[in-house]
Protein chains: 2
Amino acid sequence: MLVLVPTARERARVQTTEAILAAARIQLAEVGAAALSLRAVAREVGMVSSAVYRYFPSRDELLTALIIEAYDAVGEAAEAAHDEAAGRGPRERWVTVWRAVRAWARAHPAQYSLIYGSPVPGYAAPQDTLPAAGRVGLVLGGIAVEAHVAGSPDDAVVAAMAPDVAAALGIDPRLAPAAVTAWTMLFGTVGFELFGQYENVVLDRETYFDHVAGTAASSVGIP
Amino acid sequence: MLVLVPTARERARVQTTEAILAAARIQLAEVGAAALSLRAVAREVGMVSSAVYRYFPSRDELLTALIIEAYDAVGEAAEAAHDEAAGRGPRERWVTVWRAVRAWARAHPAQYSLIYGSPVPGYAAPQDTLPAAGRVGLVLGGIAVEAHVAGSPDDAVVAAMAPDVAAALGIDPRLAPAAVTAWTMLFGTVGFELFGQYENVVLDRETYFDHVAGTAASSVGIP
DNA sequence: CGTTGTCAAGAGCAGTGCTCTCGAAAGTGT
DNA sequence: ACACTTTCGAGAGCACTGCTCTTGACAACG
């Protein structure tokens with residue numbers, strides 16, 4: 001049956017689902033993923049905890065929804081930054097996207113921890129999150145595609161990468177190791193800053209971050 | 001009062017403390033930090049939960065103790081690997097230490113998540129963990145000290161690093177940015193592998209990891 | 001030998017995730 | 001328009017958590 005006009009029930013359902021997600025988003029930002037309580041979310045939207053289970057079968061499923069949201073949000077931030085720097089050269093676009101990811105992470109530390117910190121409930125989010133997870137990489141790959149391969153990495157290293165990666169990014173497969181390394185470097189640096197590892201190590205985080213971004217740009221052959 | 005011979009009470013206290021830590025270590029490895037339950041730890045050592053509070057004032061303090069243990073353990077693994085490769089050249093020693101850290105992380109994923117994942121209980125572990133956190137960096141810095149500075153990084157970047165870092169590592173301050181970047185790369189790569197970000201991205205993790213280790217070695221000027 | 005400090009145990013509080021049942025709606029078919 | 005089915009919210013309840021407080025027993029010290 002084709003649903004052209006959603007019934008009142010369906011509209012109420014998506015509305016309630018959205019209300020739950022909104023409350024969960026707020027609570028995530030306030031107390032973090034570990035302390036996110038389904039009962040508190042229920043209280044916030046004005047219903048009893050058991051009613052929430054009509055919309056999310058478990059607390060982990062709620063968290064998974066938030067994880068996908070977060071991947072989309074950071075991907076969107078990266079894409080927006082890239083669009084804004086559309087006219088400029090590849091290196092400036094590259095650094096702009098890096099800065100946007102860092103800024104998003106600092107503005108949304110709980111969401112960032114959710115997706116790039118330790119998996120919260122054991123190993124909750126499996127396949128559902130994979131498409132959303134690659135968006136930042138896609139933006140960076142879109143810049144790197146114009147670059148030529150700097151050195152020629154070992155064939156064994158090239159073979160160690162999943163071929164889908166170079167294909168999805170539209171880059172030379174020989175660029176894949178450097179691209180993955182740069183991607184790791186971006187989130188490694190942002191994570192280390194956010195999780196306090198740079199305490200008493202890096203004083204001026206902006207300057208250091210820009211330096212790393214530049215190094216990474218060179219490593220993928222961006223002039 | 002100088003305690004030369006510990007009294008029976010004192011011996012009993014350290015023994016009980018060690019028993020609690022041992023049980024906590026086991027439970028951490030089994031269920032992870034988020035699900036580590038003080039009551040379950042108490043059950044395992046055969047006492048009631050309230051008694052544990054005589055030894056650790058809160059669950060977070062117990063976790064902090066485990067965090068310090070984990071930092072020490074990974075540092076010890078790095079030092080042991082370095083000692084084992086004592087005779088060899090700097091590059092081989094460098095790669096050996098990197099491999100040891102990765103091996104330790106794969107063998108103790110819960111501990112690794114505890115120290116390099118998102119901070120678990122809000123922002124629990126502050127200053128206590130700082131000394132233990134630097135041990136791996138010290139080992140790597142000890143290798144890099146024999147290297148000469150490859151390029152000459154921007155003065156602003158050099159100034160962005162805490163001067164204590166280069167001093168503690170005994171390296172040229174101009175090497176500090178590259179050293180911090182390499183350190184970030186090590187734990188960023190290990191973390192990404194452990195937390196599942198390389199799923200469907202990197203097929204042969206050993207080969208890729210060795211490649212990253214080699215790149216990092218070159219970046220700090222190791223021939 | 002008595003005093004003092006330490007310790008384990010138990011009860012209890014407020015909170016959690018999750019399940020089950022029940023009554024009231026809303027939607028559907030005749 | 002009426003009966004039937006599905007959906008939904010509420011409430012009670014279970015087993016669990018971190019943590020506090022009180023009570024009674026034991027060891028150490030003067």
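Only a predicted model underlies this, so the values are computations on that prediction, with no experimental measurement involved. Every chain is numbered from 1 and lettered A, B, ... according to where its sequence line falls, protein lines coming before strand lines.
Side-chain N/O atoms of B:R13 include none lying less than 4.0 angstrom from OP1 or OP2 on C:dG5. Checking the phosphate oxygens (OP1, OP2) of D:dG18, a side-chain nitrogen or oxygen of B:S37 falls inside 4.0 Å. Under 4.0 angstrom from either OP1 or OP2 of D:dT17 there lies at least one side-chain N or O belonging to B:R43. A close approach under 4.0 Å does not occur between any side-chain nitrogen or oxygen of A:Y53 and OP1 or OP2 of D:dC8.
Scored by the ring pair (Phe, Tyr, Trp, His ring centres under 6.0 Å) test, B:H108 finds B:W104 as partners (sequence neighbours excluded). Under the ring pair (Phe, Tyr, Trp, His ring centres under 6.0 Å) criterion, A:F209 pairs with A:W98, sequence neighbours left out.
Spacing between atom CZ of B:R59 and atom C1' of C:dA14 amounts to 17 Å, rounded to whole angstrom units. Rounded to an integer number of Å, the gap from A:M47 CE to D:dG9 P is 5 Å. Look at CD on B:Q15: it is 16 Å from C1' on C:dA8, rounded to the nearest Å. To the nearest angstrom, P of C:dG15 lies 13 Å from CD of A:Q27. Here the P atom of nucleotide C:dG17 and the CD atom of A:E61 are 15 Å apart, to the nearest Å. Between A:D60 atom CG and C:dT16 atom C1' the separation is 14 Å, expressed in whole Å. One can place CD of A:E10 at 16 Å from P of D:dT6, the figure rounded to the nearest angstrom. Separating the CG atom of B:L36 from the P atom of D:dG18 is a distance of 8 Å, rounded to the nearest angstrom.
Remark on DNA chain C: of its neighbouring residues A:P57 and A:A40, the 5'-side contact belongs to A:A40, judged by nearest-heavy-atom nucleotide. Take the nearest nucleotide of DNA chain D for A:S49 and for A:R54: the residue whose nucleotide is more 5' is A:R54.
Judged by atom type and distance alone, B:S50 reaches the base of C:dG10 through a side-chain donor-acceptor pair under 3.5 Å. Between the base of C:dG15 and the side chain of A:R39 there is no donor-acceptor pair shorter than 3.5 Å.
For A:S58, whose side chain is taken as the heavy atoms from C-beta onward, the closest listed nucleotide among D:dG9, C:dC18, C:dC7 is C:dC18.
For the residue pair A:Y53 / A:S58, no side-chain donor-acceptor distance below 3.5 Å is found, with atom types taken as modelled. Residues A:Y116 and B:S118 have side chains that never bring a donor and an acceptor to within less than 3.5 angstrom of each other.
No contact: A:F56 has no heavy atom under 4.0 Å from any strand.
Aromatic ring pairs are classed by plane angle as parallel below 30°, tilted from 30° to 60° and perpendicular above 60°; the pair B:H211 and B:Y208 is tilted.
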